[in-house]
Protein chains: 2
Amino acid sequence: MKRTKLKDIAEALGVSITTVSRALNNKSDINQRTKRKVLEMAKEMDYKPNNLAISLRKNKVSNVIGVVIPVVNHYFFSTVLKGIMTKAHAHNYLVIVGESVHNSKKEKEILEEFMDYGISGILLAPCLGSDFSENLLPIIHRRIPVVVMDRLYDNYNGNYVLTEDKSGAYIAVRHLIEMGYQRIAHIGSTDSSSVGLERKNGYLSALRDHGMTIDESYIELVDLMDINEGIQNGYERMASLMSCKVPPDAVFTVTDDVALGVYQYARDHGIKIPDELGVVGFSNSKVSKYLSPSLSTVEQNGEAMGNLAFDYFMQALHTNGMVYQKKFQSDLIVRQSSMKSTINGN
Amino acid sequence: MKRTKLKDIAEALGVSITTVSRALNNKSDINQRTKRKVLEMAKEMDYKPNNLAISLRKNKVSNVIGVVIPVVNHYFFSTVLKGIMTKAHAHNYLVIVGESVHNSKKEKEILEEFMDYGISGILLAPCLGSDFSENLLPIIHRRIPVVVMDRLYDNYNGNYVLTEDKSGAYIAVRHLIEMGYQRIAHIGSTDSSSVGLERKNGYLSALRDHGMTIDESYIELVDLMDINEGIQNGYERMASLMSCKVPPDAVFTVTDDVALGVYQYARDHGIKIPDELGVVGFSNSKVSKYLSPSLSTVEQNGEAMGNLAFDYFMQALHTNGMVYQKKFQSDLIVRQSSMKSTINGN
DNA sequence: AGGAATTCTCAAAACGCTTTGTATATTGCC
DNA sequence: GGCAATATACAAAGCGTTTTGAGAATTCCT
């Protein structure tokens, strides 16, 4: 009851191992009739190639990709992961997962471990503060296909799959303006990657385009290393914003988590959302829909992003040097938290 | 700049490959001095064993476990996964992940793929309707260490890590009784595994122990195949409960997701939680704390469960035939949704 | 000192596959 | 029919390890 190997098929058919191998990998130099016989026998004997042997021979693991994300139990990232896995499974790829916990050193360790293992490709959502030349560059130099997700490095020019952070932020803030909010604050991320910087830029240009003055004291930046810190930080930054001489009447937060902190602050201090304070978040996290009031937010389709990331990996694997890049346009989901009743409106 | 292999060390030291191998794997039959020299040289030359070769030779992948969970972007399961990965990384294990999407056939495919790959162990959170003898038994027969998580099979007697579902449900319902609710309903799961059945049993025995009559029309069962269906189902079942001649004044739901559906129904129909309807969920999902009113729920510590699952795997790997089992006691987290104001109390 | 027991080391085989270079069979052409 | 050209098949080497059976060196005993 041992697993059948090439040798077994070869003996059963009275041909050589080489021939069987050629047939199964449809190489040239083989008679069509022989090939058909081999294929039949292989099926009959329920032959399954030994991945390990192939890997050793070719000196790289076949059909295994590595996915590294900052936090595994975070709705957005786990949804991206889901998107990758669905595709991967359909293509008979195995998915090894690593969690960097927003720690660049750990991210590096994981990536190295993956490389040592001889993985076929890397799909990486870089952590905050991820060191490009330390962590990713060595992999690129080894010509392993890489797809960067969600967050971008400064002068990285390879494959990526992102959210259109700036325009997403722009429409969020424009929406607040259109709803009649006058003093719109922003709680953003200190992080200099696309996520933090671009969303802040979107906020700024929406204000500018609509002739609103930009008040630096309405901008608070937080460090988003951890999910729960996001909430905590949101709470504290909101407190700080409310201590302005003229407090803001709306806030656009860099993530839904930060908005959660804002909600808590508002509840604790009797501030009514949306009438006294409009709120728009970013991500359309699972929570947002069920909050009360429900949270307006910018959608980020993690699953589609994961799907495409895998597709790009496959394409990068088969084309040579071609680069695949995509920024997902993101839509605003308007819910209650930004629906100022017209009675108090401008 | 090639990767150093045993042969390189052997040549550098003028000994045989065998000797180097023995030294590195601290086997017997080797001179202590030779061994030390080998170890030093190995470090100096930055030797890293080639996992592929080892795997091929030993005919099984070394240091790779497979984790299969029903849904990847589900807070509880992804938290379990996180717990596993933290431990796994600390022990230099790679983690391959699969998502069964609550489909037994797909679960089987994934497990088979993992087995073909020659994985060192399986950590499985079975999907609803998972077929034990089809999916898991073949693996157990091959003497691969297995740890079952979260949900139990009927006559499975191997390693597992679970939540104490029955007692968790019991304290949830007892709490509702103590808060003065009189007609406590249950929205449970049709699923016959521990999760569905045990939570319902806990509900029943809490009622019995407190001399309350059990009204079958207060028990609704739903099919939990999908996260979002949970919410949808909660909504519909709540509607059905409210159409009783004497509607319930409290409900214990099998998961927080179902409670979310109850919340939506209550909001749509002007039912005040907790005064007109007490609600307790199960899982302490991330959402629950931020709902309004915040949701009382039974805590399930996914991360601890993941940690222990990995520990059990390691122990199972090294002991022989020993069985490790644990049911996590779960605590009730009391929040607003069950805090009936005493004015209306009994 | 001689032989047995013990310690240390090694060459070679094996894991299952791909690939290269070579040999054999088949075909086409004059 | 004979020779080149082409199509097909094969044996053997190699990927980096572990493991086995045996040989060489050392130690121990009387």
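Throughout, protein chains are lettered first and strands after them, A, B, ... in sequence-line order, and every chain is numbered starting at 1. Worth saying up front: this structure is predicted, and the values here are computed from it rather than measured.
Note: A:Y156 and A:F132 have perpendicular aromatic rings, judged against thresholds of 30 and 60 degrees for the angle between ring planes. Between A:F77 and A:H102, the ring planes are perpendicular. Angles over 60° get that label, and only those under 30° would be called parallel.
The residue B:I30 sits close only to the backbone: its heavy atoms come under 4.0 Å of sugar-phosphate atoms, none of a base. Counting non-hydrogen atoms under 4.0 angstrom, A:S28 reaches nothing in the nucleic acid. Among the atoms of the strands shown, only primed sugar atoms or phosphate atoms (P, OP1, OP2) are found under 4.0 Å from some heavy atom of B:T34. No contact: A:G118 has no heavy atom under 4.0 Å from any strand.
Remark: B:K108 does not engage B:D131 in a salt bridge, criterion side-chain N to carboxylate O under 4.0 Å.
Rounding to whole angstrom units, CG of residue B:N50 and C1' of C:dC15 are separated by 13 Å. Straight-line distance from the CD1 atom of A:I9 to the C1' atom of C:dC17: 12 Å, rounded to whole Å. The nearest whole Å value for the distance from the CG atom in A:N31 to the C1' atom in D:dT6 is 13 Å. The distance between atom CZ of B:R3 and atom C1' of D:dC15, rounded to the nearest whole Å, is 12 Å.
For D:dC10, the OP1/OP2 oxygens have a side-chain nitrogen or oxygen of A:T19 closer than 4.0 Å.
You'll find the ring centres of A:Y117 and A:F114 outside the 6.0 Å limit.
The one candidate from B:N63, B:V64, B:V61 that meets the side chain to side chain contact (heavy atoms under 4.5 Å, CB included) condition with B:L94 is B:V64.
Closest to the side chain of B:A53, out of C:dA11, C:dG16, D:dT17, is D:dT17.
More than 12 heavy atoms of other residues, nucleotides or ligands shown are found within 6.0 angstrom of NZ on B:K106.
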Q. Could you write nucleotides 18-26 of chain D as a row of B, S and -, 5' to 3', where a protein heavy atom under 4.0 Å of any base atom gives B, of only sugar-phosphate atoms gives S, and otherwise -?
A. BBB------
